[in-house]
Amino acid sequence: MLSENQKRRNEMRDLRILYFLDLSYNFGGSGNLLVNYAAMMQNAGCVVKVIIPIDRKGEYDSEYDRRCKKFRLPCGYAFISTAAEMPYVNVWDTMDSVPGIEKCVTEFRPDIMHSVQVNTAVELVARKYGIPHLMSVFQVKKNTFFVNYMKVYPSYHHADSVMYSESWKTGLGISSRCIRQGYHVLDLERSVKNDSINLICAGVVYRIKNQLAAIQLTERLLDAGVEVQLDLWGKHTDTEYVSDCVSYIREHHLQKHVHMKGFTSNIEEEMRNADVLLSCSFEESFPTVIVEALQGRVAVIATPVGGIPEIIRDGVNGYLTKGMKQEDFSEAFERYLRDRETGKLQEVIKNATQTFEDHFSVRKITKKLMNYYAWICQDNRTGICADKITEKEFREIWTEFMWVCEAPWNAGVYSDDDREFYRTRIWWIYHVKKMLIRMGKGRTKKVYLWGAGYWGEKIRKLLGTFMPEVFISGFIDSHKRGKYLGIPIFSPGMLKPLEDIVLIANNENYAEIAEALEQMGFEKNKSYFSFFYY
């Protein structure tokens, strides 16, 4: 007899699934995961369509087309607005993206929709038509959920690590499952040469990915007499950080050993030439490139962040650093070298191959994903809860906020830069305002702005416009005294975390200010807030 899960999967064979990708300007790991899911579901007999994101000019990363063509996936195009975290929702873009998304939905008539990142527009359309909506969102900070967000997020969530699946589940009170990336087992011929150790580092080149650590490790190994070559693969989106990496390579005369290769759509082929994958990130959910290294029988050295320790067991199927310092990367590499010399590395690689087959095989991931889709369709709570906001209600809530920036009488008050700044942060302004008013009721908490300069003036203007009921007791500044905009300036030392609320009004030195506040006992999104994206 067929089990309940088998019956459910048989019933789901002709399921219609509409996938919405995220960033028009960059095909990244999140988009890659969803495209692979679409391909797996299509191979399992489902009817799928992928919606590729375009910007307001109709432009997008052509890699989306190449990937859909590779898997023979039907695709469409729409202006899409997404946020990597809840505080970053763009109300303006959300409302502008609804018509295009609704057109995609009415034309395809899906049974379920699956988007990547926080996509409020897809959720609003899903509610209108009573279609279940699953969102895939990954790494998130605990303090994100100190805020009670407007309920314009789905009832269903997915992540590729247990850690972040649990974070979103408890943070928003929604259903969530950890389902990882699915890959076919490949019989790749290795083309590694023995005269040097070939290192590979893959991912968008920017600060959080910490490629500079891989470059510095290469330098230390060369100084120690270890012959190595490092290939850095990934798009150069963070131009300032790319420039830092290029300058370091040039100034330290590493051009013959470190090669910034740019983007490749076939990293599996590059793995054939590699001995070691370096994953040096400060933050991750679970990097796709680690799966590709396991698939290609490439040794993994990684930082123990996000969901990485859920899969990589130090010294068993890979190597985890003990921290983020250069000494930590060197120590992990020394253990790799030792295992390479003693022959233990063969056992580590064998274990890594088994890990890949246990956790990432297409057959197993297809089964898990199909079961989750089936459960969601059966459980569908979209549109049922009375406290869930409709698209019409959503537009009405924001009319007053959005009109402030556009009002004719404010034409001389706000510059174009001011308007753009406020537009992109209206969602967060709304939520901070609610929290400040709630915390001020029946209490004597004082509100201070940290930063008596350009951004201080801008945030002061923002508060006067959107939160006139919030009284500013003063500015905080490490260097200035006296008054600014008629408001007294105080030193940081007078702040009291149990009595005061701080709004950071300094974009350039945000990290240092946040660190100083936390050392004093302040908590982000509880006793201090920021209107900048960090």
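We're numbering straight along the sequence, starting at 1.
- Looking only at distances, no side-chain donor or acceptor of Ser243 sits under 3.5 Å from a matching main-chain atom of Thr239.
- Residues Val125 and Glu391 have side chains not in contact (no heavy-atom distance under 4.5 Å, counting atoms from C-beta outward).
- Remark: the Ser176 side chain and the Ser165 side chain contain an N/O donor-acceptor pair separated by less than 3.5 Å.
- Arg180 and Glu310 are joined by a salt bridge, as a carboxylate oxygen and a charged side-chain nitrogen come within less than 4.0 angstrom of each other.
- The salt bridge (Lys or Arg N to Asp or Glu O under 4.0 Å) pairs that include a residue from residues 196-207 are Arg207-Glu240, Arg207-Asp244, where partners are two or more places apart or lie in different chains.
- Remark: Gln216 pairs with Leu212, Tyr248, Gln326 by the side chain to side chain contact (heavy atoms under 4.5 Å, CB included) rule, at least two apart or across chains.
- Taking the six-membered ring where tryptophan is involved, the planes of Tyr373 and His114 are perpendicular, since the angle between them exceeds 60° and thus also 30°.
- A donor-acceptor pair under 3.5 Å is formed between the side chain of His157 and the backbone N or O of Val137.
- For the ring pair (Phe, Tyr, Trp, His ring centres under 6.0 Å) test, no residue two or more places apart in sequence or in another chain qualifies with Tyr153.
- Side-chain contact check for Asp22 versus Ile80: every heavy-atom pair is 4.5 Å or farther apart.
- For Cys201 against Leu278, the heavy-atom pair with the smallest separation is SG-O, 3.4 Å.
- There is no side-chain donor-acceptor pair under 3.5 Å between Asn119 and Glu123.
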Derivation and outcome, side chain to side chain donor-acceptor pair (under 3.5 Å), residues Thr321 and Glu331: CA-CA 7 Å; Thr321 66; Glu331 187 274 336; over 6 Å; no
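- Salt bridge Arg338/Glu334: absent, no basic N to carboxylate O contact under 4.0 Å.
- Geometrically, Arg67 does not engage Phe27 in a cation-pi contact, judged by NZ or CZ lying under 6.0 Å from the ring centre and within 45° of the ring axis.
- When side chains are defined from C-beta on, Met150 counts as touching Trp427, because their heavy atoms get closer than 4.5 Å.
- Screening Trp375, Tyr372, Tyr37, Trp168 for a ring-ring contact (aromatic ring centres under 6.0 Å, His included) with His158, the sole residue that qualifies is Tyr37.
- Heavy-atom contacts from other residues, nucleotides or ligands closer than 6.0 Å to CZ of Arg72 number 12 or fewer.
- Side-chain atoms of Tyr19 and Lys49, non-hydrogen and from C-beta on, never get closer than 4.5 Å to each other.
- A distance below 6.0 Å separates the ring centres of Tyr60 and Tyr77.
- Of the possible donor and acceptor atoms, none in the side chain of Asp231 sits under 3.5 Å from a partner among the backbone N and O of Val258.
- Contact detail for Arg335 and Tyr319: the closest heavy-atom pair is NH1-CD2, 3.9 Å.
- With Asn198 contributing its side chain and Asn273 its backbone, the two residues share a donor-acceptor pair below 3.5 Å.
- Between Ile51 and Cys75, every side-chain heavy-atom pair lies at or beyond the 4.5 Å cut-off.
- Aromatic ring centres of Phe286 and Phe360 lie closer together than 6.0 Å.
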Verdict with reasoning, Tyr336 to Asp275, per side chain to side chain donor-acceptor pair (under 3.5 Å): CA-CA 10 Å; Tyr336 159 80; Asp275 294 292; 4.7 Å; no
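- Within 6.0 Å of CG on Asn148 lie no more than 12 heavy atoms contributed by other residues, nucleotides or ligands.
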Worked check of salt bridge (Lys or Arg N to Asp or Glu O under 4.0 Å) between Glu347 and Lys344: CA-CA 5 Å; Glu347 180 184 343; Lys344 186 190 172 185; over 6 Å; no
Trace of the ring pair (Phe, Tyr, Trp, His ring centres under 6.0 Å) decision for His359 with Tyr183: CA-CA 10 Å; His359 294 278; Tyr183 280 82; over 10 Å; no
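- For the residue pair Asp160/Ser285, the side-chain donor-acceptor check at 3.5 Å is satisfied.
- Counted by atom type alone, Glu85 and Thr144 present one or more donor-acceptor pairs between their side chains at under 3.5 Å.
- The pair Lys128-Glu102 counts as a salt bridge, with a side-chain nitrogen and a carboxylate oxygen less than 4.0 angstrom apart.
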Side chain to side chain donor-acceptor pair (under 3.5 Å) evaluation trace for Thr120 with Thr94: CA-CA 6 Å; Thr120 49; Thr94 291; 2.8 Å; yes
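- The backbone N or O of Arg16 sits less than 3.5 Å from a side-chain atom of Asp111, completing a donor-acceptor pair.
- A donor-acceptor contact shorter than 3.5 Å is absent between the side chain of Thr303 and the backbone of Val305.
- The pair Glu284-Lys209 meets the salt-bridge criterion, with a side-chain N (NZ, NE, NH1 or NH2) lying under 4.0 Å from an Asp/Glu carboxylate O.
- Looking at heavy atoms from C-beta onward, Phe263 lies out of side-chain contact with Trp233 at the 4.5 angstrom threshold.
- The closest donor-acceptor contact from the side chain of Asn32 to the backbone of Gly28 lies at 3.5 Å or more, if one exists at all.
- The backbone N or O of Ile311 lies less than 3.5 Å from a partner atom in the side chain of Asn317, making a donor-acceptor pair.
- Side-chain atoms of Asn380 never come within 3.5 Å of backbone atoms of Ile376 as a donor-acceptor pair (strictly under, hydrogens ignored).
- A 4.5 Å side-chain heavy-atom check between Pro287 and Ile290 finds at least one atom pair inside the cut-off.
- Counting only distance, with no hydrogens or angles, the side chain of Asp55 and the backbone of Ser24 share no donor-acceptor pair below 3.5 Å.
- Using a cut-off of 4.0 Å between Lys/Arg side-chain N and Asp/Glu carboxylate O, Lys141 and Glu283 are scored as salt-bridged.
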